[in-house]
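Below you'll find the structure, written out as structure tokens, and then a few comments.
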Amino acid sequence: MGAIDLFVHDSLHTYDHMAFEFTLARTHLSSSGVIVSDDINTNRAFTEMVQSNQELDGVAITQERKRDAAVGIAWQIDPETDRGRN
């Protein structure tokens, strides 16, 4: 498999499954790639992925009306320019 620009997780929301998919996606993510996941508040897989990869930055978006809904977006940071950081 070549490089991917966008990975969207919207399948099984167990920690093990999300962590597996994020790890696999990270392996193939292009230099300007993005990872998007729904329901990131069901476990810590998304948060841990962002925290354990210095070349990633990320944000969590929560919805006030749905306490159980949260979307996470992580993106690659260009190491040459630090572009992509908040």
Side-chain angles (χ1 to χ4, degrees):
M1 182 164 67
I4 57 174
D5 294 321
L6 175 64
F7 174 79
V8 178
H9 166 83
D10 188 18
S11 59
L12 187 61
H13 290 97
T14 64
Y15 174 87
D16 289 340
H17 188 81
M18 291 175 78
F20 168 77
E21 285 194 357
F22 295 150
T23 299
L24 186 59
R26 282 283 307 115
T27 303
H28 298 283
L29 201 62
S30 72
S31 61
S32 59
V34 176
I35 295 174
V36 178
S37 178
D38 70 332
D39 298 329
I40 62 167
N41 56 329
T42 59
N43 60 62
R44 294 195 41 81
F46 181 85
T47 302
E48 289 176 3
M49 174 196 59
V50 172
Q51 290 175 344
S52 66
N53 290 279
Q54 293 181 342
E55 65 279 3
L56 284 181
D57 207 348
V59 65
I61 304 167
T62 59
Q63 299 174 0
E64 292 296 323
R65 295 184 344 197
K66 289 179 148 183
R67 291 187 183 153
D68 61 341
V71 173
I73 303 169
W75 55 89
Q76 288 277 45
I77 298 167
D78 184 337
E80 298 291 319
T81 64
D82 206 30
R83 192 175 40 141
R85 287 232 187 254
N86 293 341

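For residues 4-14, no pair satisfies salt bridge (Lys or Arg N to Asp or Glu O under 4.0 Å), with sequence neighbours left out. Pairs engaging residues 42-54 under the salt bridge (Lys or Arg N to Asp or Glu O under 4.0 Å) rule: Arg44-Glu48 [sequence neighbours left out]. Sorted pairs that involve residues 13-25 and meet salt bridge (Lys or Arg N to Asp or Glu O under 4.0 Å), not counting sequence neighbours, are lacking altogether.
With sequence neighbours left out, Ala25 forms a side-chain contact (heavy atoms from CB on, under 4.5 Å) with Ile4, Phe7, Ile35. Looking at residues two or more places apart in sequence or on another chain, you find a side-chain contact (heavy atoms from CB on, under 4.5 Å) between Val50 and Phe46, Ala74. Remark: His13 engages His9 in a ring-ring contact (aromatic ring centres under 6.0 Å, His included) (not counting sequence neighbours).
One hydrophobic cluster holds both Ile73 and Leu6 under the rule that ILVMFWY side chains link at heavy-atom gaps under 4.5 Å.
Residue Thr14 comes nearest to Asn43 through the heavy atom pair C-ND2, 3.4 Å, listed as atom of the first residue, atom of the second, then distance. The two atoms that bring Val34 and Val36 nearest to each other are CG1-CG2, 3.9 Å, heavy atoms only.
Here CZ of Phe22 is found 9.0 Å from OG1 of Thr47. Values are rounded to the nearest 0.5 Å. How far CG of Leu12 is from CG of Asp39: 11.0 Å, rounded to the nearest 0.5 Å.
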